[in-house]
Protein chains: 2
Amino acid sequence: MKFENYTIKDIAKALNLSTSTISRALRDSYEISPETKKIVLEYAEKINYRANPIARSLKERRSHSIGIIVSEIANNFFSQVIDGAESIAYNKNFQIIISQTHESSERERLNVEYLTSRSIDGLLIALSSETEDISYLHKLQERGFPIVFFDRVPQQFDTYKVIVNNQQGAYDATQHLIKQGKQQIAHLTSSKSLSITKDRLYGYQKALMANHIDFDPALVKYCQYGGLHQDEIETAIEELMHTGFDAIFISGDKLTTGYLHVAKKKDKLNLQHIAIAGFTNSNVVDLFSAKVTSIRQPAFEMGKIATELLIQLIEKRTPNEQFETRVLPTEIIKND
Amino acid sequence: MKFENYTIKDIAKALNLSTSTISRALRDSYEISPETKKIVLEYAEKINYRANPIARSLKERRSHSIGIIVSEIANNFFSQVIDGAESIAYNKNFQIIISQTHESSERERLNVEYLTSRSIDGLLIALSSETEDISYLHKLQERGFPIVFFDRVPQQFDTYKVIVNNQQGAYDATQHLIKQGKQQIAHLTSSKSLSITKDRLYGYQKALMANHIDFDPALVKYCQYGGLHQDEIETAIEELMHTGFDAIFISGDKLTTGYLHVAKKKDKLNLQHIAIAGFTNSNVVDLFSAKVTSIRQPAFEMGKIATELLIQLIEKRTPNEQFETRVLPTEIIKND
DNA sequence: TTGAAAGCGCTAACAA
DNA sequence: TTGTTAGCGCTTTCAA
């Protein structure tokens, strides 16, 4: 037993017409008479005909699908971005194929390879925390493949990018902690190579400066895998312990929950008196026993915009595009 | 500018061989001499040749991709299932296409249609909370299309199914609440039509019975959309308020966090003294200020098994299969 | 061991 | 307005 669908040929045979007539009638071509169209459409409807997208893709050299690469779908921020992307793709009749890197640059590269070998028309990507070399993406683009970056974007890459104002978000978070009277504000963040890491660090530094607080590099701890591995967070906090920090600005979802887990485990050490602010799109932070001030990103919006830009790129395919970087605002949600 | 890949033809021309020889050499066919193979492989490697999966799919009438339909990826349980599915698919060289229903039966049907019109080889599906009529899935299967259900499974459908022992999990949760001295245990659950709703209700009832507590239907509240809409939870709780319940057993992730949000809003009403136990795969419940005893499902495992079974179905394609339902154990994580 | 040719289902240029 | 035909990139039967 094999799963088979009707083809255009079946219809042609049944109606005594040629396949091209059927094809045209189904696509509502102006060349076909209304009567013929009617007959074809009705018959197609009757047998529940569905065009084979694979054959169509082969012919049109377009798959009508786009790839989206994120580190983890089990992450509020990314799943919201995906929902946004999906909402646009759905309307424009594109299929979305999701791929996870789990913060591995190798997985990222493999996924891109897999997706691009003609099965997607364009790529939405937030770089993995491990990624440093993106020359393969450059090569892809040089060959005319449309790529749009979001959230974690590369410096040197001439294409559309969609990000939030990370610097401002970080500034707001830090400022908020300072306003609470905190002076020794630690910063727990992701991999050094990520754009968001740099931007957020800069915002943090700017807020310190604006308040005449000296920047102390010992208060900044990096996690290469963005908190994907609990031990990197534990190590970071161990090290921070000696600094006598009284507040912490955390640069991501996984890092925030990771920090809270560690803090809970070590609660004899008074971590619970340390004020927390950080980037997170979780919708349960307000249920936590710890008070967390959160910087929220318009993730859904980001997914929508990135997808619109990508589809625009796919459809237009004009070589000398004027690319821009869209910067969306963050929102601070205080909780104290 | 158009994105193009090398084809088998390009290689054939370059090496002065036929396309069939190239095809065979690339697939390591026994018919091709080692020398020719070597030449072809080396050249392919050099130009970084990637076979066009679309052309291959058209020829083989197989896309090497499987669809997975869940209600929401922004749900710990489902994203873990997907990770499990992905881990298997990755190894067996299948692509996974994720689709969300957002608990709408119409979206579900559209997604299935979209995916099956020859672009996927099989389907993994957890029914939406709204779904009642699955005749279209029956029709699909009758035509030889492989389907495997997981988590939310239909009664009447002869195929592989992978679930957890929902009854036992519900029993454990309820029993745990009773052990704490609770007598008026409410039950907040999802749509009546879902298998998990029925099984969990039954487990809840069994635990009551085992403890000689009368079952009170007024203590059971259904949410048609599984808590996707906050208002359905609010309504349910409003109604429960009058019953004087002293504990609650909740049947799902979204419902649990939804309940906690409402409880927080209404905390003057003493909801915080009500013991909570429920099905959730969240990895942050322990950070909540409310104490929640959780029933965890082996979601990753479930995704793995379901995918293995599906791929097995796709590859074997024997008509008279002996189908079974795999039942995995749940785990209770106490927190009090 | 290799090649020629047909065909997967669809679209489109060209012919009628 | 409709049909004929070639071809998208690949696999595979049959012939050489």
Side-chain angles (χ1 to χ4, degrees), chain A residues 2-41 43-44 47-65 93 116-121 143-144, chain B residues 2-41 43-44 47-65 93 116-121 143-144:
Chain A
K2 187 105 178 71
F3 177 66
E4 292 292 347
N5 271 323
Y6 288 103
T7 73
I8 236 172
K9 241 187 192 164
D10 299 322
I11 305 183
K13 209 174 293 170
L15 301 181
N16 237 313
L17 287 165
S18 75
T19 57
S20 43
T21 302
I22 309 299
S23 172
R24 282 187 270 244
L26 290 171
R27 332 195 77 225
D28 200 25
S29 159
Y30 66 96
E31 306 170 276
I32 305 296
S33 76
E35 304 85 61
T36 314
K37 266 184 197 165
K38 190 157 168 282
I39 299 174
V40 173
L41 262 348
Y43 185 75
I47 63 171
N48 193 31
Y49 168 80
R50 292 280 169 265
N52 181 336
I54 291 179
R56 186 173 284 167
S57 294
L58 181 60
K59 180 68 193 175
E60 295 183 344
R61 288 126 157 277
R62 282 267 303 267
S63 65
H64 269 273
S65 64
N93 251 295
T116 48
S117 51
R118 202 55 131 310
S119 74
I120 58 170
D121 297 336
R143 289 166 58 207
Chain B
K2 186 102 178 72
F3 176 66
E4 293 291 346
N5 271 323
Y6 287 105
T7 73
I8 237 173
K9 240 186 194 164
D10 298 323
I11 305 184
K13 207 175 295 170
L15 301 181
N16 236 312
L17 287 166
S18 75
T19 56
S20 37
T21 302
I22 309 300
S23 172
R24 282 188 270 244
L26 290 171
R27 330 198 80 225
D28 200 25
S29 160
Y30 66 96
E31 304 169 277
I32 305 296
S33 75
E35 303 85 60
T36 314
K37 267 185 198 166
K38 189 156 168 282
I39 298 174
V40 173
L41 263 345
Y43 185 74
I47 64 171
N48 193 29
Y49 169 81
R50 292 280 170 265
N52 180 337
I54 292 179
R56 187 173 282 169
S57 293
L58 182 61
K59 181 70 193 174
E60 295 182 343
R61 288 129 155 275
R62 282 267 303 267
S63 66
H64 270 273
S65 64
N93 251 296
T116 49
S117 51
R118 203 55 132 310
S119 75
I120 57 169
D121 298 334
R143 289 164 59 207

Participant: Pull out every residue in residues 49-58 of chain B that has a heavy atom closer than 4.0 Å to any atom of DNA chain D, ordered by number, or say none.
Facilitator: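 Here the set is B:Tyr49, B:Ala51, B:Asn52, B:Ala55, B:Arg56.
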Participant: Let me confirm one number: the OG-CD1 distance from A:Ser65 to A:Ile120, rounded to the nearest 0.5 Å.
Facilitator: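 Output value for this atom pair is 6.5 Å.
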Participant: Nearest whole angstrom, please: distance from the C1' of C:dG9 to the CZ of A:Arg61.
Facilitator: 16 Å
Participant: Mind calculating the distance between OH (A:Tyr6) and P (C:dG9) to the nearest angstrom?
Facilitator: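 In whole Å, C:dG9 P lies 14 Å from A:Tyr6 OH.
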Participant: Residues in side-chain contact (heavy atoms from CB on, under 4.5 Å) with A:Lys9, at least two apart?
Facilitator: A:Thr7, A:Thr19
Participant: Tell me, with the steps shown, if B:Arg143 and A:Asn5 meet side chain to side chain contact (heavy atoms under 4.5 Å, CB included).
Facilitator: CA-CA 9 Å; B:Arg143 289 164 59 207; A:Asn5 271 323; 2.4 Å; yes
Participant: B:Lys38 versus B:Pro34: any side-chain heavy-atom pair under 4.5 Å?
Facilitator: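 They are not in contact (no side-chain heavy atoms under 4.5 Å apart), so the answer is no.
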Participant: Take atom NZ of B:Lys9 and atom C1' of C:dA4, then tell me their distance rounded to the nearest Å.
Facilitator: 14 Å
Participant: To the nearest Å, give me how far apart CG (A:Asn5) and C1' (C:dC8) are.
Facilitator: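 Answer to the nearest Å: 14 Å.
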Participant: Please give, in whole Å, the distance from D:dC10 C1' to B:Ile22 CD1?
Facilitator: 13 Å
Participant: The criterion is side chain to side chain donor-acceptor pair (under 3.5 Å); which residues satisfy it with B:Thr21, sequence neighbours excluded?
Facilitator: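 Checked B:Thr21 against side chain to side chain donor-acceptor pair (under 3.5 Å); matches are B:Ser18.
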Participant: So, for A:Tyr49 and A:Ile8, which heavy atoms are closest and what is the spacing to 0.1 Å?
Facilitator: CE1-N, 3.8 Å
Participant: Using a cut-off of under 3.5 Å, enumerate the N/O to N/O pairs linking the protein to nucleotides 12-16 of chain D.
Facilitator:
residue, atom, partner, partner atom, Å
D:dT13, O4, B:Arg24, NH1, 3.1

Participant: Under 4.0 Å: is that the gap between some side-chain N or O of B:Ser18 and OP1 or OP2 of C:dG3?
Facilitator: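 Indeed, a polar side-chain atom of B:Ser18 lies that close.
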Participant: Take atom CZ of A:Arg62 and atom P of D:dC8, then tell me their distance rounded to the nearest Å.
Facilitator: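 Distance check: A:Arg62 CZ to D:dC8 P gives 19 Å.
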Participant: Counting neighbours of OH on A:Tyr43 that are heavy atoms of other residues, nucleotides or ligands and sit closer than 6.0 Å, is the number greater than 12?
Facilitator: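 Enclosed.
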Participant: Side chain to side chain contact (heavy atoms under 4.5 Å, CB included), that's the test. Do A:Ile47 and A:Ile11 meet it? Break it down for me.
Facilitator: CA-CA 9 Å; A:Ile47 63 171; A:Ile11 305 183; 4.0 Å; yes
Participant: May I have the distance from A:Asn16 (atom CG) to D:dT1 (atom P), rounded to whole angstrom?
Facilitator: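 Rounding to the nearest Å, CG of A:Asn16 and P of D:dT1 are 20 Å apart.
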Participant: In whole angstroms, how far is the P atom of D:dG9 from the NZ atom of B:Lys13?
Facilitator: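 To the nearest whole Å, that distance equals 11 Å.
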Participant: Hey, what bend do you get for the helix from C:dT1-D:dA16 to C:dA16-D:dT1 if you fit axes on five pairs at each end, rounded to 10°?
Facilitator: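 Roughly 50°, once rounded to the nearest ten degrees.
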Participant: State which residues pass side chain to side chain donor-acceptor pair (under 3.5 Å) with B:Thr36; sequence neighbours excluded, sorted by chain then number.
Facilitator: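 Testing B:Thr36 for side chain to side chain donor-acceptor pair (under 3.5 Å), a comparison that skips the adjacent residues, returns B:Ser33.
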